[in-house]
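Here the structure comes first, spelled out in structure tokens, and everything after it is commentary.
All residue numbers refer to positions in the sequence shown, counting from 1. In each ligand, atom 1 is the first atom listed, and ligand 1 is the first ligand listed.
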Amino acid sequence: MTAAPAAGATLVTGIGELVTCVAEPRDRDLGIVRDAALVVEDGRVAWLGPAADAPAADRRLDLEGRAVLPGFVDSHSHLVFDGDRAAEFAARMTGERYDGGGIGVSVAATRAADDDRLRELVRRRVAEMRAQGTTTVEIKGGYGLTVADEARSLRIARELTPETTFLGAHVVPPEARGERAAYVELVTGPMLDACAPHARWADVFCEPNSPHAFTEEESRAVLVAARDAGLGLRVHGNQLGPGPGVQLAVELGAASVDHCTFLDDADVDALVDAAGTTVATLLPGVEFSTRSPYPDARRLLDAGVSVALATDCNPGTCYSSSMPFVIALAVREMGMTPGEAVWAATRGSAASLRRDDVGRIAVGGPADLAVLDAPSHLHLAYRAGVPIARTLVTTPSAAE
Ligand code: NIG
Ligand code: FE
């Protein structure tokens, strides 16, 4: 998901608020430049600063006072699936609990889809994200759960992003129930071998509170094998109740532990010690869609934990691809300031992917930009539900 290369330079003027996010991570300072301009050339930022100092360029694009931010970095999504689970969502709204059992429904539908259909579904979901200002996306497999279906899911995801994640340990699939050990051997052996060439990361649903997910020991086996195969690590941890996921992620130096809904003091201490290595990625769209309590973001931020925000876009726990929606939830429900939420959705989530090039706007970096039909980033939460964010396209040939 990178901007199309520009032929010649474009001077973008009329930027009411330019949010650069270039400060040191511990400061979480948005680095705002008001009445700004920037020059984009060959898909990169060639210059930025006060509009009064702007150089000449081949073309001009006047944003008439709109805010420009780093494109959102959605560091956790499960876009490779077929099938519909809207009825499961509706049942939850009237009191059903989520335990991961519905994943099997998506697995059956995904296995039945041919390559062209699956590719088109993923492509459309990525386009939906991009239309809302997301310029970097991580995509997990996890709805194939056979060697061939996981490899195919990652091959398709790789066509759209370099941030692909092997999630053979999403749940124990129906045909392997009662043979958990054999399934973990499949995941750590032939499935990992077939998937590693198409993946940058590996992830595991470490959740003793679900009969479908993986225990601490099973999760450790999967993560160690993946690390030995050269993959970076991510963990679904502490989503449905207290558990070992956070501490396991920190122990193994994972780049991110995601959900972090149920944390005790030792979990928070571990995340504080691991700040700069393991990011706590919060996914409040999941709490919205499962009626769980929201994670305590204020506690994590005040303690000094590295925090990111992402959608977790998936057919079960959050079928929303909207980073602005996530930012609004983080502000309204998790005690984050609008600035902290924007940081977590850009620079913070870039850190969870160990990326220093995206999630910020700097000279020499990619022109992965979001623009708001609003004068400041405050409007992302203030105008919740209104589609004010989009990816900024600066090339005339790719006119929106
Ligand atoms: O991140 N928790 C595990 N995986 C997904 C949900 C997958 C599904 O229900 O389809 C999550 O919440
Ligand atoms: Fe997830």
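Counted by atom type alone, R234 and S75 present zero donor-acceptor pairs between their side chains at under 3.5 Å.
Heavy-atom contacts of Q239 reach the following atoms of ligand 1: 2 (N), 3 (C), 12 (O) (cutoff under 4.0 Å). Listed by atom number, the atoms of ligand 1 under 4.0 Å from D312 heavy atoms are 1 (O), 11 (C), 12 (O). Under a 4.0 Å criterion applied to the non-hydrogen atoms of H76, ligand 1 contributes the atoms 1 (O). Every atom of ligand 1 is numbered from 1 in the order shown, and the set under 4.0 Å from a heavy atom of Y143 is 7 (C), 8 (C), 10 (O).
Using a 4.0 Å cut-off between charged side-chain N and carboxylate O, R299 and D265 make a salt bridge. Taking the charged nitrogens against the carboxylate oxygens, R117 and E120 have no contact shorter than 4.0 Å, which rules out a salt bridge. Salt bridge annotation for E150-R152: absent, with no cationic side-chain nitrogen under 4.0 angstrom from a carboxylate oxygen. The residues R220 and E216 are annotated as salt-bridged, a charged nitrogen and a carboxylate oxygen being separated by less than 4.0 angstrom. Contact check on R298 versus E340 returns a salt bridge, with a Lys/Arg side-chain nitrogen under 4.0 Å from an Asp/Glu carboxylate oxygen.
Angle OD1 (D312) to the Fe ion (ligand 2) to NE2 (H78): 80°, rounded to 10°.
Here the options are R158, R200, H76, the test is side-chain hydrogen bond (donor to acceptor under 3.5 Å, both in side chains), and the partner is E163; only R200 passes.
For atom 4 (N) of ligand 1, the closest heavy atom belonging to the protein is H170 NE2, 2.8 Å. The single protein non-hydrogen atom nearest to atom 6 (C) of ligand 1 is Y98 OH, 3.2 Å, given as residue, atom name and distance. Protein heavy atom at the shortest distance from atom 12 (O) of ligand 1 is T317 OG1, 2.7 Å.
Aromatic rings from F325 and F288 are positioned such that their centres are separated by under 6.0 Å.
Taking the Fe ion (ligand 2) as reference, the nearest N/O/S atom within H236 carries the name NE2.
Proximity of F81 to ligand 1, defined as any heavy-atom pair under 4.0 Å, is not found for any part of the residue. Using a 4.0 Å cut-off between heavy atoms, E207 makes no contact with ligand 1 at all.
Taking backbone and side chain together, H76 holds an N, O or S atom under 2.8 Å from the Fe ion (ligand 2).
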